[in-house]
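To keep things clear, I will list the structure first and then write my remarks on it.
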Amino acid sequence: MSCLLRTPLLRIPFIYRCALSQTQHTSPKHPSNVIPDPRSVAILVIGDEILKGQTQDSNSYFLCHRLRLYGHLVTRISIVGDCEFAIAAEVKSLSARHSMVLTTGGIGPTHDDVTFAGVARAFGQPLVEHPELLSLCQQFFGPSMPGSPHLKLACVPATATLNYGHDPTTGDRLPFPVVSVGNVFVFPGIPALLERSFEGLEHLFRNGSQTISTELYLVSDEVSVAGVLSEAQAAFTDLVSIGSYPDWQSNYHRVKVTVDGLSKYHVEHAKRWIVERLPSAAFIKLETRPELVAEERVYALAEKDSELGGRVREALNIINATLSQHLLSELSLAFNGGKDCTALLHLLHAALCRKFPTKKKSLLCLYVRQPESFPELEKFIEQTCHRYAVKLRVLEGGLLESLAEFRNSNPTVRAVLMGTRATDPSGRNLQEMAPTDPDWPQFMRINPLLNWSYEDVWAFLRSLHVPYCVLYDRGYTSLGNRRDTERNPALRYKKPEGIWSYRPAYTLQQSDQERTSRKERP
Ligand SMILES: Cc1cc2nc3c(=O)[nH]c(=O)nc-3n(C[C@H](O)[C@H](O)[C@H](O)COP(=O)(O)OP(=O)(O)OC[C@H]3O[C@@H](n4cnc5c(N)ncnc54)[C@H](O)[C@@H]3O)c2cc1C
Ligand SMILES: NC(=O)C1=CN([C@@H]2O[C@H](COP(=O)(O)OP(=O)(O)OC[C@H]3O[C@@H](n4cnc5c(N)ncnc54)[C@H](O)[C@@H]3O)[C@@H](O)[C@H]2O)C=CC1
Ligand SMILES: [Co+2]
Ligand SMILES: [K+]
Ligand SMILES: [Mg+2]
């Protein structure tokens with residue numbers, strides 16, 4: 001490898017370095033006259049609302065992601081306001097230094113939409129009314145008088161090319177073309193419109209080469225790996241690009257390290273280089289999308305001759321019996337973001353994947369939000385529903401009234417799956433299948449986790465890398481609301497540097513203390 005590294009001809013110049021040399025911050029190693037890499041692309045985001053903090057730019061994120069899939073490397077994102085001169089200056093500079101420039105925003109009919117004027121100015125061209133665009137505008141907006149606002153959409157730089165995209169699913173030609181001038185492509189700002197226009201032009205933007213990317217997940221913090229990562233980047237200069245990204249929300253890792261490059265050989269080599277220099281306990285082989293492998297992993301766990309295997313078998317039996325007795329439209333999952341119903345959702349998802357292997361069936365979840373609920377919990381619930389593609393019905397107010405409302409608005413639902421365990425205050429005299437009490441709205445309650453222990457729930461979640469609410473990693477063992485829940489004192493400990501902290505919930509030794517940090521309702 002060292003010979004390889006020393007032979008300049010065999011080095012693949014890595015793009016991110018070249019990008020640096022194109023800016024004013026010229027590095028001594030890279031003269032400023034480096035020819036732009038043919039894959040280097042710039043994105044120009046246009047809009048006052050972005051600079052004012054009124055709109056969060058999502059278009060550049062979308063474009064970076066897609067362009068990378070298509071084999072390009074975005075080396076610059078610029079943001080300018082709705083100012084013709086600023087747009088012109090930026091377009092001129094970016095267009096000279098990159099193989100392609102994609103702009104977003106500023107092509108509508110209002111006074112602040114000046115992107116075409118800016119692009120025309122950048123190339124020293126007049127704005128002209130394009131006959132084909134004019135007839136399209138008249139088709140969409142009806143016949144026009146001179147000066148009609150929508151005619152502005154037809155006024156483009158003189159050498160403009162019209163690029164018609166196609167709907168990737170139907171193959172139909174899209175009604176409105178994307179205008180390009182030289183290597184500058186002018187996209188709309190409305191995210192849905194931008195995405196549709198871009199996807200329709202895949203053939204224009206797909207490039208041959210591909211960036212190879214791999215990840216390492218670390219359970220240790222950045223400080224403890226910074227030295228090795230610097231050495232790795234130095235050893236593989238110009239061959240790979242190494243990134244380090246701390247994550248405060250993950251339940252399973254603290255840092256994600258990425259290794260990117262043009263050659264699989266060098267990417268793998270650099271990855272091994274890092275792995276060999278850190279203790280193996282520093283890494284976790286993380287399942288980043290556990291929901292995609294839920295069926296396989298959950299059923300494999302059920303085959304195991306262990307206590308947890310037995311619990312999983314039992315829960316799957318109850319779930320499958322429920323699925324054979326009821327249509328999916330007759331079922332709902334009571335989901336409040338707690339660890340138990342999180343485990344149940346994963347089990348249910350696995351069972352549904354097995355029962356409906358091809359059809360995407362969506363489950364209805366019911367969440368009765370408490371006053372002063374934890375923001376972390378709300379965020380987790382939202383992300384989880386998205387992850388498992390379930391519908392969420394949120395109700396506010398008392399449990400009884402909310403259930404009555406749910407009963408009325410969802411008359412098909414007969415049974416509600418719940419994460420109740422026998423050790424919960426409400427689980428003491430419960431059966432696995434039990435109708436609600438006479439004074440409660442009538443449902444069949446299904447409790448597949450009734451015989452699970454606190455430890456079973458954590459062993460299940462942790463072994464399958466199922467994401468759970470981050471509050472459990474911060475010392476909460478049972479979640480109510482911000483008023484009635486505290487971190488569990490049994491998890492409190494003093495760090496070597498003398499600061500008090502809390503261990504994660506899954507390390508609690510005395511599971512009978514699970515709820516001691518919750519003031520129970522009378
Ligand atoms: C559908 C349903 C039917 C009920 N029927 C009765 C009844 O017949 N008689 C009775 O005395 N009590 C009933 N309850 C109240 C229940 O027994 C508990 O008191 C209540 O769920 C709080 O449970 P917990 O404090 O043990 O919390 P948890 O341990 O958090 O709750 C256990 C499980 O209940 C579900 N759950 C709890 N709170 C919510 C919420 N806010 N939104 C959505 N799901 C939630 C989840 O599946 C959770 O895993 C019912 C609750 C629900 C959600
Ligand atoms: N049918 C079509 O294909 C076309 C329609 N038009 C028309 O032009 C108008 C819109 O032109 P635009 O250039 O899109 O106008 P614009 O620049 O004013 O943006 C429109 C909306 O998109 C949001 N937006 C802009 N940049 C964004 C970013 N980077 N990230 C997230 N959100 C962003 C803005 O905040 C704004 O709400 C509409 O009236 C549309 O009908 C324009 C071109 C093509
Ligand atoms: Co080598
Ligand atoms: K506008
Ligand atoms: Mg705008």
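Read the numbers this way: they start at 1 and go in the same order the structure lists the ligands and their atoms. The basis for the numbers below is simple: all heavy atoms, side chains too, and nothing from hydrogens, waters or symmetry mates.
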Check your understanding: Between R462 and Y252, do the side chains contain an N or O donor and an N or O acceptor separated by less than 3.5 Å?
Key -> no
Check your understanding: Can you find an N or O of V368 that's nearer than 3.5 Å to an N or O of ligand 1?
Key -> yes
Exercise for review: Would you mind running through ligand 2 and noting each atom that sits below 4.0 Å from a heavy atom of G105?
Suggested key: 13 (O), 17 (O)
Exercise for review: Using a strict cut-off of 4.0 Å, indicate which atoms of ligand 2 neighbour a heavy atom of I50.
Suggested key: 27 (C), 28 (C), 29 (N)
Check your understanding: In terms of side-chain geometry, is the basic nitrogen of E376 or K379 positioned less than 4.0 Å from the acidic oxygen of its partner?
Key -> no
Review point. Out of curiosity, is G47 lining ligand 2, as in a heavy atom under 4.0 Å away?
Key: no
Practice item. Report yes if N336 has an N/O atom closer than 3.5 Å to an N/O atom of ligand 1; otherwise report no. Key: yes
**Study point:** Residue part near ligand 1, for V416, under 4.0 Å between non-hydrogen atoms
**Key:** side chain
Review point. Do ligand 1 and A334 have nitrogen or oxygen atoms that lie under 3.5 Å from each other?
Key: yes
Check your understanding: At under 4.0 Å between heavy atoms, which part of L366 makes contact with ligand 1: side chain, backbone, both or neither?
Key -> backbone
Check your understanding: What atoms in ligand 2 come closer than 4.0 Å to a heavy atom of D113?
Key -> 15 (O), 16 (P), 17 (O), 18 (O)
Exercise for review: Number the atoms of ligand 2 from 1 as they appear, then name those within less than 4.0 Å of a heavy atom of V45, with their elements.
Suggested key: 29 (N)
Check your understanding: Is R311 positioned over the aromatic face of F460, cation under 6.0 angstrom from the ring centre and no more than 45 degrees off axis?
Key -> no
Study note, to complete from the structure: Atoms of ligand 2 under 4.0 Å from any heavy atom of L193, numbered from 1 in the order shown, are 2 (C), 3 (O), 4 (C), 5 (C)
Exercise for review: Have a look at ligand 1 and work out which part of R445, if any, has a heavy atom under 4.0 Å from it: side chain, backbone, both or neither.
Suggested key: side chain
Review point. Which is closest to atom 17 (O) of ligand 2 in terms of heavy atoms, P175, S60, G106, G200?
Key: G106
**Study point:** SB check E199 R66 (cutoff 4.0 Å)
**Key:** yes
**Study point:** R515-ligand 1 polar pair, N/O distance under 3.5 Å
**Key:** yes
**Study point:** Residue portion contacting ligand 1 (non-hydrogen atoms closer than 4.0 Å) for L403
**Key:** side chain
Practice item. State whether the shortest distance between N or O atoms of Y367 and N or O atoms of ligand 1 falls below 3.5 angstrom. Key: no
Practice item. Answer yes or no on whether R407 is positioned over the face of F443, meaning its NZ or CZ is under 6.0 Å from the six-membered ring centre and within 45° of the axis. Key: yes
Check your understanding: Below 4.0 angstrom, N of the basic side chain to O of the carboxylate: do D113 and K152 qualify?
Key -> no
Review point. Looking at F185 versus F198, is the centre-to-centre ring distance below 6.0 Å?
Key: no
Check your understanding: For S58, is at least one N or O under 3.5 Å away from an N or O on ligand 2?
Key -> yes
Review point. Going by the atom numbers of ligand 2, which of them fall below 4.0 Å from some non-hydrogen atom of G189?
Key: 12 (P), 13 (O), 14 (O), 22 (O), 23 (C), 24 (N), 25 (C), 26 (N), 27 (C), 32 (N), 33 (C)
Check your understanding: Looking at ligand 2, does Q56 have a heavy atom less than 4.0 Å from it?
Key -> yes
Practice item. Only heavy atoms count here, so choose which of F335, F406, W440 is nearest to atom 10 (C) of ligand 1. Key: W440
